[in-house]
Protein chains: 2
Amino acid sequence: MGDGEKLSPGQAERRRSATIVDVAEAAGVSRATVSLVLRHSPLVADDTRQRVQRAIVDVGYIYNRGAAQMRSGMSGTIGVIVPEITNPFYAELLSGIDETLDVDGRLCFVGNSTDSPERQDRFIRRIRERGVEGIIICAAEASSPLLLGQMREWNLPFVQILRSIDGDTGDFVAPDFAVGTRMAVEHLVSRGHERIALMPSAKNTSAARERVAAFTSAMAKSGLQGGRILHGRLTRSDAHDAVASILSGAKPPTAIIAHNDLLALGIIGALRNIGLTPGVDLSVIGFDDIPESSHSVPALTTVATRPREVGAHAATLLLRRIIKPKGPTESVLVSPKLIVRQT
Amino acid sequence: MGDGEKLSPGQAERRRSATIVDVAEAAGVSRATVSLVLRHSPLVADDTRQRVQRAIVDVGYIYNRGAAQMRSGMSGTIGVIVPEITNPFYAELLSGIDETLDVDGRLCFVGNSTDSPERQDRFIRRIRERGVEGIIICAAEASSPLLLGQMREWNLPFVQILRSIDGDTGDFVAPDFAVGTRMAVEHLVSRGHERIALMPSAKNTSAARERVAAFTSAMAKSGLQGGRILHGRLTRSDAHDAVASILSGAKPPTAIIAHNDLLALGIIGALRNIGLTPGVDLSVIGFDDIPESSHSVPALTTVATRPREVGAHAATLLLRRIIKPKGPTESVLVSPKLIVRQT
DNA sequence: AACAAGTTTTAGATCGATCTAAATTTTCTC
DNA sequence: GAGAAAATTTAGATCGATCTAAAACTTGTT
């Protein structure tokens, strides 16, 4: 356990709940047989199985995974770490994971790292104490570079999502940010834009670096020079500052590609605040296609990154990895889709 | 276990990880002593404690809660059920719960019921199998009326949030929808509106019924007659239909109070689509104050319901209930706040 | 130095499942 | 109907912690 984590004991005078022994007695078989029935073993005879199943219902038996886990080593549980659960992108992603796990029967612990490595480490320790079989992780920005190595050492299967720590070769799922960025650039170029800016997250993550690289190369390929790159955090005031800085120089960009929709919407707001019209005075493209992007005015043009699919893929990959720890690794890049709207 | 839930076994040839016995050997004490140190017992002498703690680090020991739970009955885990995790309101709420639990040291299983009682029941069974100590639940719309009684019978502490199943007297936390509704009505009345409509969720939940009651009484108190009530689901097309239906009749309402911001934003969109100006041709007030409400154009006037606080309160109440199952019940109504913007 | 009282440590049983290997029952073959 | 093979069931050990009750130390008092 960690520091200051003395859990206050519950005082429930729990009426002892039914165990496998009660079921065995009720059905007139041995514990071992009940256990086999619980695990859907093909060994038990049909009528025995039915008798046991009836007994299970009769005595109100609830499977005790804590006990099972002890012997079998399987908890039927995984962990998921996201940097910010209130970002609609991650909420959708979680929903995709949940959907896949609901079918599988496993359950997940959700941790919100808020991009704090300490909180992330705390969460990882806690889920390890609970015997999770694997973990889906979008690593906090300043995560220790040792993290992945440790998880391997611990024999803890994992799938990285969105961000990949220094080119690790394990399982990985993310939207294809490079292709998405290229789509955005090409779209703008086809509309006649020549001066384009990119505003990636200031966070030093692979997801940001990848966009910068793709942006630079796409600009070069289109024969355009010196796309501007403005790093910033993803806050409202960053959007303001960015707009101000962009428009102040000579030959200001006529279009900007934002790190995500939240930032793009912030930029739209900033433009309106100073009396400019988004989509006319400055074109804006976001990333993600979160629900509110289609409702904004003007509606946001964006690169849809399909978070739900990313989540579903990640869950599928993790389950596969749990079953086959040594199987070949896989890297899934979910194809983005350009949604052209009004900006 | 349930049907079709044979969990595929992992094949990890787990190098047996360190147990309390390894720690005991390394520190030259008995298992029992190590166990006492782990639980921060005041019984152990200081230097012994330190020796054990060093040994814990040395052997890379990780506390096994599955085993501990077996004897002590405590899993250090709770469950949370929300109807729709992608709704920003619930995402914020989860974040509030997470925050409180992070301090406490407990972890939570998050379930997304999508308002399906079957899925909710499945989730509840699964978390019971894992020995959760309690549950925070926003019951799915058509939940069995027996649900709460069962949970009591199971000795499973719970706190209801937002919706309360037929006037149950257990612990409960929610925004004060009645006060919020009254605030909205009074605000509109003070601006001179006389024909006001309410659009609650069609879902038959206490959260919807409460608004209707408060609306009716607030209208009466203001001496206004016949506020219109339009039930609908909370989709985009409902917003459209509602707008159409509202404006078609004679003496159409001049203001509408929507069930939540998502719906309110939908209404704003619908108005713009038919060339009307929200806030001028029809005033709109939402509920929740989700982040995008302040970014919308025009910015949405709304009743802030402070989901993060609701979550934090619910977690605190549940922890208290776990420690004192028979303690007095508490019902927390978080005061809403009217955020006047442009609509 | 002997005893009581307090402090610290420990052996062994226990929680509720799974696992192994063997026992039992059934079915098949000649 | 005996023996082999297959199908089904089971006893007992085991996982890694906690719990209980007792043992082993310390300290203080006379």
Side-chain angles (χ1 to χ4, degrees), chain A residues 1 6-7 9-10 12 14-52 55-56 59-77 128-131, chain B residues 1 6-7 9-12 14-52 55-56 59-76 128-131:
Chain A
M1 290 196 273
K6 182 149 116 193
L7 292 180
R14 349 186 134 251
R15 186 170 29 65
R16 200 183 66 73
S17 52
T19 77
I20 208 176
V21 178
D22 303 308
V23 176
E25 276 169 10
V29 296
S30 71
R31 283 169 354 207
T33 303
V34 176
S35 177
L36 289 173
V37 171
L38 287 173
R39 285 172 291 150
H40 303 95
S41 160
L43 290 181
V44 275
D46 263 354
D47 61 332
T48 312
R49 177 191 317 284
Q50 280 167 29
R51 208 144 31 94
V52 171
I56 286 176
V59 305
Y61 171 75
I62 272 283
Y63 186 64
N64 180 332
R65 250 168 225 280
Q69 171 188 357
M70 217 168 146
R71 197 75 238 277
S72 72
M74 293 174 45
S75 61
T77 301
R128 284 220 294 152
E129 291 181 352
R130 284 152 179 96
Chain B
M1 290 195 274
K6 183 149 118 192
L7 292 180
Q11 302 179 337
R14 351 186 134 248
R15 186 169 30 63
R16 200 182 65 75
S17 52
T19 77
I20 209 175
V21 177
D22 303 308
V23 175
E25 275 169 10
V29 296
S30 72
R31 284 168 355 211
T33 304
V34 176
S35 176
L36 289 173
V37 171
L38 287 172
R39 285 172 290 150
H40 302 97
S41 160
L43 289 181
V44 273
D46 263 354
D47 61 333
T48 312
R49 176 190 317 285
Q50 280 167 29
R51 209 143 32 92
V52 171
I56 286 177
V59 304
Y61 171 75
I62 273 283
Y63 186 64
N64 181 333
R65 251 169 224 282
Q69 172 188 355
M70 216 168 147
R71 197 77 240 276
S72 71
M74 293 175 45
S75 61
R128 284 220 292 152
E129 291 181 351
R130 284 153 180 95

TODO: Look up atom CG in A:Asp22 and atom CD1 in A:Ile56, then write down how far apart they are to the nearest 0.5 Å.
DONE: 12.0 Å
Task: Whole-Å gap separating P (D:dC15) and CD1 (B:Ile20) - done: 14 Å
Open item on the list: Without decimals, in angstroms, what is the distance between A:Arg51 CZ and D:dT9 C1'?
Closed with: 11 Å
Open item on the list: Closest-nucleotide mapping onto DNA chain C: is B:Gly28 or A:Val21 further toward the 5' terminus? I mean the 5' end.
Closed with: B:Gly28
Task: Backbone of B:Ser41 reached by a side-chain donor or acceptor of B:Arg49 within 3.5 Å - done: yes
- [ ] Would you indicate, yes or no, if C:dT9 has its OP1 or OP2 atom less than 4.0 angstrom from a side-chain nitrogen or oxygen of B:Thr33?
- [x] no
Task: Whole angstrom value for the distance that separates C1' of C:dG16 from CZ of B:Arg130 - done: 16 Å
Open item on the list: Side chain of A:Ala45, heavy atoms from C-beta onward: which of C:dA17, D:dT9, C:dT8 has the nearest atom to it?
Closed with: D:dT9
Task: Atom pair distance, as rounded to whole Å: CD1 in A:Ile56 and P in C:dA17 - done: 10 Å
Task: Interatomic spacing from OG1 in A:Thr77 to CZ in B:Arg130 - rounded to 0.5 Å - done: 4.5 Å
Task: From B:Gln69 atom CD to A:Asn64 atom CG, the distance as rounded to the nearest 0.5 Å - done: 6.0 Å
Open item on the list: Can you measure A:Glu129 atom CD to D:dA17 atom P for me and round it to whole angstrom units?
Closed with: 11 Å
TODO: Verify the contact: side-chain N or O of A:Ser30 to OP1 or OP2 of D:dT10, cut-off strictly under 4.0 Å; return yes or no.
DONE: yes
Please write out the pairs of protein N or O atoms and N or O atoms of nucleotides 19-23 of chain D separated by less than 3.5 Å, giving the distance to one decimal.
unit_1	atom_1	unit_2	atom_2	d
D:dC19	OP2	B:Arg39	NH1	2.6
D:dC19	O4'	B:Arg71	NH1	3.2

TODO: Would you kindly give the CD-to-P distance between A:Glu25 and D:dT10, to the nearest whole Å?
DONE: 13 Å
Task: side-chain N/O A:Thr48 vs D:dT9 OP1/OP2, d < 4.0 Å - done: yes
Open item on the list: Starting the side chain at C-beta, find the nucleotide from C:dT8, D:dT8, D:dC15 nearest to B:Leu43.
Closed with: C:dT8
TODO: Report yes if some heavy atom in the side chain of B:Leu38 is under 4.5 Å from a heavy atom in the side chain of B:Val23; otherwise report no.
DONE: no
Task: Donor-acceptor contact present, side-chain B:Arg51 to main-chain B:Ala27, <3.5 Å - done: yes
TODO: May I have the distance from B:Leu36 (atom CG) to C:dA11 (atom P), rounded to whole angstrom?
DONE: 13 Å
Open item on the list: If I take atom CE in residue A:Met70 and atom P in nucleotide C:dT14, what distance separates them, rounded to the nearest angstrom?
Closed with: 15 Å
Open item on the list: Could you report the tightest heavy-atom contact between A:Gly76 and A:Arg65, atom names first, then the distance?
Closed with: CA-NH1, 4.2 Å
TODO: Starting from the 5' end of DNA chain C, give me the residue, A:Gln69 or B:Asp46, whose nearest nucleotide shows up first.
DONE: B:Asp46
TODO: Tell me what B:Val29 touches on the nucleic acid: a base, only sugar-phosphate, or nothing, going by heavy atoms under 4.0 Å.
DONE: sugar-phosphate
